[in-house]
Amino acid sequence: MLTSLAIPSPSSGVWYLGPLPLRGYALAIILGIVAAIWIGEKRWVARGGTAGDISDLAVWAVPFGLVGGRLYHVATDHDLYFGAGNHPIEALYVWRGGLGVWGAIALGALGMVIGARRKGIKLLPVLDACAPGVLVAQALGRWGNWFNQELFGRPTDLPWGLSVSDETAVNAGYPPGTTFHPTFLYESLWCLAAFAFLLWADRRFQLGHGRVVALYIMVYTVGRGWIETLRIDTVELSDVGGLRFNVWTSLVLFLAGLVWFVVSARLRPGREDEVYVDRPVHDRTEEDSAT
């Protein structure tokens with residue numbers, strides 16, 4: 001039922017500057033990437049790193065992350081592209097939506113590994129510096145789903161229900177005028193709250209040796225697991241032992257993050273003194289100043 005306070009959906013997610021299309025989904029992703037790099041740079045410098053390092057690492061992490069996100073989506077929903085009557089070439093149409101967060105994080109982290117090794121940066125400190133900013137990127141990127149009118153939740157009469165086009169509602173199997181849980185908004189707000197929590201925890205406990213990353217995994221998966229149970233979008237792995245595949249993924253990764261956090265705290269308490277592999281930070285800074 002449509003209420004006066006329902007969240008409206010945009011009538012279009014694409015605008016044109018002459019022949020050039022501007023897509024809301026792409027803009028949300030780009031804004032998130034920029035925010036993550038900016039936050040990561042600030043935190044990295046505060047940890048003793050050199051300004052510009054995170055931008056250099058992003059050259060590796062961002063394209064790897066985009067490819068990984070798309071591969072995860074296509075692998076877990078391959079019938080959308082390779083099923084009978086579908087068009088495999090559409091697997092390349094990233095602008096239509098479809099980036100799996102875990103694939104993006106996995107290959108994005110691989111890109112960070114490559115970039116960090118090339119620059120002589122210790123991996124765990126730089127990942128700890130960047131993890132909170134990734135949450136902000138996810139919070140902003142989720143608004144791309146709003147522009148595309150996709151990945152919403154079950155019908156709801158709550159005042160903040162999401163209003164979609166009649167065609168979108170009918171395609172989802174519901175009558176025109178139905179309002180839905182705005183799961184994009186839930187996840188965006190959860191990510192922002194998680195971002196604030198990670199900043200507080202890192203400042204309060206001086207987390208190091210990858211524990212900010214482990215905490216990120218735990219906090220994000222708690223919210224993602226709950227939100228995933230609200231979603232009604234059709235996925236191929238919608239019933240794996242009674243749960244959607246992404247709910248199982250969240251459960252497994254939460255446990256992995258918990259083990260990582262506990263073991264790291266016991267074996268390597270405190271925070272790294274140096275964030276570069278080969279030489280102290282002040283030596284690097286002096287050399288940079290001389291060039």
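Residue numbers count from 1 along this sequence.
- Taking every heavy atom of both residues into account, Q149 and P10 meet most closely at NE2-O, 3.1 Å.
- Nearest heavy atom pair, residue R231 against residue L151, reads NH2-CD2, 3.5 Å.
- Summarising the geometry, atom CZ belonging to F254 is positioned 6.0 Å from atom OG1 belonging to T221; distances are rounded to the nearest 0.5 Å.
- Between V219 and A194, the closest heavy-atom pair is CG1-CB, 3.4 Å.
- Here the side chains of W60 and R117 are not in contact, with every heavy-atom distance at 4.5 Å or above.
- A distance of 3.0 Å separates OH in Y276 from OG1 in T50, rounded to the nearest 0.5 Å.
- Judged by distance alone, with hydrogens and angles left aside, the side-chain atoms of T179 form no donor-acceptor pair with the main-chain N or O of D157 at under 3.5 Å.
- Of the residues V164, L230, T168, the one that meets the side-chain contact (heavy atoms from CB on, under 4.5 Å) test with F180 is V164.
- In this structure a side-chain-to-backbone donor-acceptor pair under 3.5 Å is missing from W44 to I54.
- At distances below 3.5 Å, not a single donor-acceptor pair connects side-chain atoms of Q206 with backbone N or O atoms of G270.
- Residues V213 and I217 form a side-chain contact, since some pair of their non-hydrogen atoms from C-beta on lies under 4.5 Å apart.
- Residue R47 holds its CZ atom at 11.0 Å from CD of E274, rounded to the nearest 0.5 Å.
- Side-chain atoms of S9 come within 3.5 Å of backbone N or O of S163 as a donor-acceptor pair.
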May I have the step-by-step check of side chain to side chain contact (heavy atoms under 4.5 Å, CB included) for W200 and F205, ending in yes or no?
-> CA-CA 8 Å; W200 170 82; F205 300 106; 3.8 Å; yes
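- Looking only at side-chain heavy atoms (C-beta outward), H181 and L158 come within less than 4.5 Å of each other.
- Scanning all heavy atoms of the two residues, the minimum distance from Y25 to E150 falls at CE1-OE2, 3.7 Å.
- Between the CZ atom in R142 and the CG atom in L189 there is a gap of 13.0 Å [rounded to 0.5 Å].
- Using a distance-only test at 3.5 Å, with no hydrogens or angles considered, no donor-acceptor pair links the side chain of S55 to the main chain of I37.
- In terms of heavy atoms, P175 sits closest to A169 at O-CB, 3.8 Å.
- Going from atom CG of L258 over to atom CE of M218 covers 5.5 Å, rounded to the nearest 0.5 Å.
- The shortest heavy-atom contact between D128 and G210 is OD2-N, 2.9 Å.
- Within the 3.5 Å criterion, the main-chain N or O of L198 finds no donor-acceptor partner in the side chain of D202.
- R43 places a side-chain N or O within donor-acceptor distance of the main-chain N or O of A129, the cut-off being under 3.5 Å.
- Looking only at distances, a side-chain donor or acceptor of S250 sits under 3.5 Å from a matching main-chain atom of N246.
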Side chain to side chain contact (heavy atoms under 4.5 Å, CB included) between L162 and L185, intermediate numbers included | CA-CA 10 Å; L162 176 68; L185 179 60; over 6 Å; no
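- Side-chain contact between V67 and F64: absent, with no pair of heavy atoms (C-beta onward) separated by less than 4.5 Å.
- Between the side chain of E187 and the main chain of I227, no donor-acceptor pair closer than 3.5 Å is present.
- Under the 4.5 Å side-chain contact rule for hydrophobic residues, F197 and Y220 share a cluster.
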Which is it for W226 and V247 under the side chain to side chain contact (heavy atoms under 4.5 Å, CB included) test, yes or no, and what are the steps along the way?
-> CA-CA 8 Å; W226 165 67; V247 176; over 6 Å; no
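- Residues F152 and I7 have side chains not in contact (no heavy-atom distance under 4.5 Å, counting atoms from C-beta outward).
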Going through the checks in order, is the side chain to side chain contact (heavy atoms under 4.5 Å, CB included) test met by V126 and K119?
-> CA-CA 12 Å; V126 77; K119 289 183 67 69; over 6 Å; no
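- Under the 4.5 Å side-chain criterion, counting only non-hydrogen atoms from C-beta, I39 is in contact with F195.
- Side chains of R211 and S264: a donor-acceptor N/O pair is present below 3.5 angstrom, by distance only.
- The residues D233 and R244 are annotated as salt-bridged, a charged nitrogen and a carboxylate oxygen being separated by less than 4.0 angstrom.
- Distance CZ/R224 to OG1/T229: 11.0 Å, rounded to 0.5 Å.
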